[in-house]
Amino acid sequence: MGDDPASRIYVNNKKKACEYCGIRSFEYALPGDTTQEELMDLIEKLNGDDSVDGILCQLPIPKHLDEKAVINAIRPDKDVDAFHPANVGKIMIGDYDFLPCTPAGVMELIRESGIDIAGKECVVIGRSNIVGKPMAMLLLHAHGTVTICHSKTKDLAETVRRADIVVAAVGVPELITGDMIKEGAVVIDVGMNRLPDKKLVGDVAFESAAKKASAITPVPGGVGPMTIAMLMKNTVKAALVHHENK
Ligand code: L34
């Protein structure tokens, strides 16, 4: 929706991944002045289209549109973002079909790196519905001891210093510095901040944090590509479920 330059890059990356995986993708680049009704009509059309297994409305959308209504309108079994309340509720219980792509990608990185979460102090910085909250829930399901920090947290540095696993998802450039990282901690940077000079930096000051961490993700080339990989996984899963039910 509209012409958010960051969304343009992310959507292009998603389309490329679809092509690579053999998933057909259809882009609807709607202008910034699209009405709520036009957007809802499109979602209804895609909901009813048997050739479509997954629907994703890239966020953010223009301010005059109702984001919640959009998320609610996408059929839960085509909701490859796992943002619909029905899917969010299932994740809370631990009996889910889809996981939200970014937190799922973070879990996959941790697992693939052979890092055990059980009993570890996990600190998530950020409490968004899209990343922070589901991230904390997935770490909890993996038996981590989880703390969620946010803008009202009293002593962020002290809390982060306790963490064996740090997940930064606040959208503040380089907020988490090396002095806040415990020796040997695992540091995952979900931040995607574009500085005025166009440079892309995460929520973690990489250089200083890397000196303390036993494992750390870069930005770019860390969580971003994993988000896209998990979107592919969710889409294949949706297709399999639809195929079985035909
Ligand atoms: N509906 N909206 C919906 N679903 C999502 O899962 C997202 N997200 C976030 C923004 N809005 C969304 C994404 O797709 C963030 N996000 C995303 C996806 C891909 C990349 C980054 C964020 C990505 O490809 N990152 C590259 C660098 C891209 C660049 O150069 O800017 C990387 O290497 O990190």
Side-chain angles (χ1 to χ4, degrees), residues 1-21 23 25-30 39 42-43 46-47 52-63 65-76 78-85 87-88 91 98-109 126-135 138 167-174 187-204 206 216-235 237-238:
M1 307 274 326
D3 48 10
D4 184 304
S7 291
R8 185 69 267 164
I9 297 171
Y10 307 156
V11 170
N12 282 346
N13 288 348
K14 290 175 181 185
K15 286 165 68 180
K16 268 186 239 156
C18 283
E19 208 170 300
Y20 176 79
C21 295
I23 295 171
S25 72
F26 310 93
E27 178 181 317
Y28 298 86
L30 303 185
L39 180 55
L42 174 60
I43 294 172
L46 299 172
N47 276 343
V52 172
D53 291 300
I55 304 170
L56 178 149
C57 176
Q58 186 72 20
L59 302 175
I61 58 176
K63 295 242 178 313
L65 296 169
D66 182 352
E67 181 183 300
K68 201 157 86 181
V70 171
I71 290 172
N72 281 313
I74 294 174
R75 241 172 72 173
K78 294 191 178 187
D79 172 34
V80 286
D81 266 327
F83 292 168
H84 189 285
N87 287 323
V88 175
I91 291 158
F98 306 120
L99 289 175
C101 301
T102 299
V106 171
M107 294 304 283
E108 200 62 36
L109 279 172
R127 54 171 154 180
S128 70
N129 288 329
I130 293 177
V131 184
K133 280 192 231 170
M135 188 72 248
L138 298 191
V167 181
V170 259
V172 179
E174 302 185 329
V187 179
I188 314 256
D189 191 353
V190 179
M192 232 2 101
N193 310 295
R194 249 160 254 274
L195 300 183
D197 66 0
K198 299 276 157 70
K199 197 180 159 217
L200 187 62
V201 298
D203 293 345
V204 176
F206 185 88
I216 184 166
T217 64
V219 176
V223 173
M226 290 305 294
T227 296
I228 296 179
M230 294 302 108
L231 174 64
M232 300 300 109
K233 181 178 171 178
N234 282 348
T235 307
K237 181 151 193 201

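Worth saying up front: this structure is predicted, and the values here are computed from it rather than measured. Order of appearance sets the numbers: ligands from 1, and atoms from 1 within every ligand.
- Looking only at side-chain heavy atoms (C-beta outward), P103 and I91 stay at 4.5 Å or farther from each other.
- Checking each of V201, D189, I216 against F206 for a side chain to side chain contact (heavy atoms under 4.5 Å, CB included) leaves exactly one that passes, namely I216.
- Of all atoms in ligand 1, numbered sequentially from 1 with element shown, those under 4.0 Å from a heavy atom of R194 are 29 (C), 31 (O).
- Not counting sequence neighbours, the partners of R75 by the salt bridge (Lys or Arg N to Asp or Glu O under 4.0 Å) test are D77.
- For ligand 1, the atoms lying closer than 4.0 Å to a non-hydrogen atom of P225 are 32 (C), 33 (O), 34 (O).
- Inter-residue side-chain proximity for M192 and Y10 is flagged as met; some heavy-atom pair is nearer than 4.5 Å.
- Remark: the backbone N or O of F98 is not paired with any side-chain donor or acceptor of K237 at under 3.5 angstrom.
- Contact annotation: for I130 versus ligand 1, there are no heavy atoms closer than 4.0 Å.
- With a 4.0 Å cut-off on non-hydrogen atoms, S7 does not touch ligand 1 at all.
- In terms of protein heavy atoms, atom 34 (O) of ligand 1 is closest to M192 CE, 3.2 Å.
- Put simply, the side chain of K233 never gets that close to the backbone of A104: no donor and acceptor are under 3.5 Å apart.
- Take K15 and apply the side-chain hydrogen bond (donor to acceptor under 3.5 Å, both in side chains) test, not counting sequence neighbours, and it matches E27.
- A donor-acceptor distance shorter than 3.5 angstrom exists from the side chain of N234 to the backbone of L99, with no hydrogens or angles considered.
- Residue contacts with ligand 1 include N13, since one or more of its heavy atoms lies under 4.0 Å from the ligand.
- For ligand 1, the atoms lying closer than 4.0 Å to a non-hydrogen atom of P220 are 27 (C), 32 (C), 33 (O), 34 (O).
- The shortest heavy-atom distance from V219 to ligand 1 is not under 4.0 Å.
- Here is the list of ligand 1 atoms found below 4.0 Å of a heavy atom in L200: 29 (C), 30 (O), 31 (O).
- Among protein heavy atoms, atom 16 (N) of ligand 1 sits closest to Y10 CD1, 3.9 Å.
- Nearest protein heavy-atom neighbour of atom 8 (N) of ligand 1: Q58 NE2, 4.0 Å.
- Shown in contact with I9 at under 4.0 Å from a heavy atom are these atoms of ligand 1, numbered in order with element: 28 (C), 29 (C), 31 (O).
- A donor-acceptor contact shorter than 3.5 Å links the side chain of D203 to the backbone of G171.
- The nearest protein atom to atom 1 (N) of ligand 1, hydrogens excluded, is given as D81 OD2, 2.7 Å; this is a heavy-atom distance.
- Interface atoms of ligand 1 facing K14, defined by a heavy-atom separation under 4.0 Å, are 4 (N), 5 (C), 6 (O), 7 (C), 13 (C), 14 (O).
- Distances below 4.0 Å separate heavy atoms of G221 from the following atoms of ligand 1: 32 (C), 33 (O), 34 (O).
- Side-chain atoms of S7 never come within 3.5 Å of backbone atoms of D3 as a donor-acceptor pair (strictly under, hydrogens ignored).
- Note that the CG atom of L30 and the CE atom of M1 stand 5.0 Å from one another [nearest 0.5 Å].
- Taking a cut-off of under 4.0 Å to the non-hydrogen atoms of I228, the atoms of ligand 1 that pass are 19 (C), 24 (O).
- Counting only heavy atoms of the protein, atom 11 (N) of ligand 1 lies nearest to L59 O, 2.9 Å.
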